[in-house]
2 protein chains.
Amino acid sequence: MGISTQDKIKIAARKIFIEKGYSGARTRDIAEEAGINLALVNYYYRSKDTLFKIIMEEKIDELFGTIIPILAKKDTSLIEKIDEVVDKYFDLLLKVPELPLFVINELRQENINSKIVNRLKVIFENKDIVKYLNELNPNLSNYHIMMNFIGIIIFPFISKPIFVSSSIIDQNEFSALIKTQKGIVSQLVKSLALINPQIK
Amino acid sequence: MGISTQDKIKIAARKIFIEKGYSGARTRDIAEEAGINLALVNYYYRSKDTLFKIIMEEKIDELFGTIIPILAKKDTSLIEKIDEVVDKYFDLLLKVPELPLFVINELRQENINSKIVNRLKVIFENKDIVKYLNELNPNLSNYHIMMNFIGIIIFPFISKPIFVSSSIIDQNEFSALIKTQKGIVSQLVKSLALINPQIK
DNA sequence: GTTTATTTTAATCATTTGTTTAATTTTTTA
DNA sequence: TAAAAAATTAAACAAATGATTAAAATAAAC
């Protein structure tokens with residue numbers, strides 16, 4: 001016996017929602033991708049919206065959950081933490097490069113609920129993480145450090161459509177360029193330590 | 001006599017498409033926003049798709065067109081060019097912070113045509129720009145310089161929904177934080193010069 | 001000022017799309 | 001193995017949505 005119908009639907013929903021976003025995804029797409037009858041989507045998940053919120057929670061954890069256990073560790077140096085986070089992110093995002101753009105876009109569309117909001121708060125207001133990251137550059141606010149830290153790491157994957165959809169580079173070239181990008185990111189993140197917000 | 005019906009529709013379409021994306025926008029939203037009869041959208045623009053492509057072209061130019069004339073200038077130093085680009089981008093994106101996320105997301109959905117693709121190529125394969133940017137760090141490929149250059153500048157605006165939709169910060173705090181961010185960005189871009197892709 | 005062309009409107013069409021229903025099949029329980 | 005419960009299916013519903021039409025109103029041309 002293989003995968004349950006309920007799981008087939010969830011797996012299909014992940015793919016379709018990530019590919020097309022909430023408003024672009026149709027329940028029929030999901031049913032077809034799952035290879036099951038359309039009515040089963042509602043039978044198991046009640047509505048498109050309910051199913052979406054489940055996937056959205058999952059994806060938020062997948063995207064931001066990565067950093068919590070690493071940054072919150074008590075026995076590693078900040079530099080080690082940074083390198084480990086960069087490593088983990090590149091592993092993850094080479095597999096699912098669409099993840100950051102999907103999550104941020106749906107957050108903007110406010111396709112969220114209080115559970116999702118709380119999940120984000122737990123991550124971005126984690127005291128250990130805030131404390132450790134602050135060591136990187138005490139002159140910068142928590143927000144600026146967090147935002148630039150994440151931004152430097154994930155932007156290569158967010159910007160992918162600019163270069164790939166316009167055929168400036170293709171999938172293979174992207175994968176090759178990302179390898180070099182990892183070293184660049186690692187150095188750029190560390191150069192955050194040298195920033196002085198006072199200087200114009 | 002004020003704005004023509006055709007222009008009213010275009011102005012409304014800009015707002016609605018940017019807010020909801022192609023698949024989330026309804027022609028009825030646009031008509032209502034424009035204060036005109038629904039049928040006029042098709043009368044003047046034939047289809048939702050045609051209207052969208054017009055807005056999309058416009059927005060690509062708005063987002064990426066900024067950098068061409070500045071970077072291509074022959075009589076300014078690279079540092080001056082960078083500062084001017086950062087300046088112009090922050091002016092633009094404080095007014096329309098949703099612009100980068102909108103454009104990149106629609107590029108990923110492939111809601112584009114060959115005209116839009118060509119526009120992107122003209123910008124990112126402009127020889128002067130490539131030449132000048134390359135001076136910033138000859139060890140990095142054109143792609144890496146361009147991608148990181150743009151990324152560092154626009155990510156603050158792309159990441160806005162992460163922090164605002166989750167109520168970690170509000171609109172006013174965002175605006176305040178962006179002011180400091182401008183100085184950070186200016187320094188970060190210049191630190192691209194110090195990156196050595198050989199180093200692990 | 002009459003005719004012609006353009007613009008606007010309300011109504012309607014044809015699909016699409018999320019969801020439900022009622023019947024059927026399969027699985028579980030006792 | 002008979003009865004009950006759960007899962008699946010095909011069909012259909014109701015609302016949403018992009019688009020069209022035919023008539024009415026307005027503006028332009030002569």
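Residue numbering restarts at 1 for every chain, and letters A, B, ... go by the order of the sequence lines. Worth saying up front: this structure is predicted, and the values here are computed from it rather than measured.
- Contacts between chain A and DNA chain C, taken as any atom within less than 4.0 angstrom of a protein heavy atom, begin and end at C:dT17 to C:dT21.
- A donor-acceptor distance shorter than 3.5 angstrom exists from the side chain of A:Lys48 to the backbone of A:Ala25, with no hydrogens or angles considered.
- Taking every heavy atom of both residues into account, A:Ile145 and A:Asn134 meet most closely at CD1-CA, 3.9 Å.
- Nearest heavy-atom pair across B:Pro161 and B:Leu101 is CG-CD2, 3.9 Å.
- Each of A:Ile55, A:Leu107, A:Val117 was evaluated against A:Ile60; a single residue qualifies, A:Leu107, per the side-chain contact (heavy atoms from CB on, under 4.5 Å) test.
- Cation-pi geometry between B:Lys59 and B:Phe102 is not met: the NZ or CZ atom fails to fall both under 6.0 Å from the ring centre and inside 45° of the normal.
- A centroid separation of 6.0 Å or more is found between the aromatic rings of A:Phe163 and A:Phe174.
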Contact pattern, 5' to 3', of nucleotides 17-23 of chain D - B, S or - by protein heavy atom under 4.0 Å
BBBBB--
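- Looking at heavy atoms from C-beta onward, A:Phe124 lies in side-chain contact with A:Phe64 at the 4.5 angstrom threshold.
- In this model, no donor atom of one side chain and acceptor atom of the other lie less than 3.5 Å apart for B:Glu125 and B:Asn142.
- Checked by atom type, the side-chain pair B:Lys190/B:Ser186 shows a donor-acceptor distance below 3.5 Å.
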How far apart are the C-alpha atoms of A:Lys74 and A:Asp128, what are their side-chain angles, what is the distance that settles it, and do they pass the side-chain contact (heavy atoms from CB on, under 4.5 Å) test?
CA-CA 9 Å; A:Lys74 309 242 176 207; A:Asp128 283 331; 3.4 Å; yes
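- For the segment residues 106-116 of chain B, no residue has any heavy atom less than 4.0 angstrom from an atom of DNA chain D.
- If you check every strand for non-hydrogen atoms under 4.0 Å, B:Tyr45 touches nothing.
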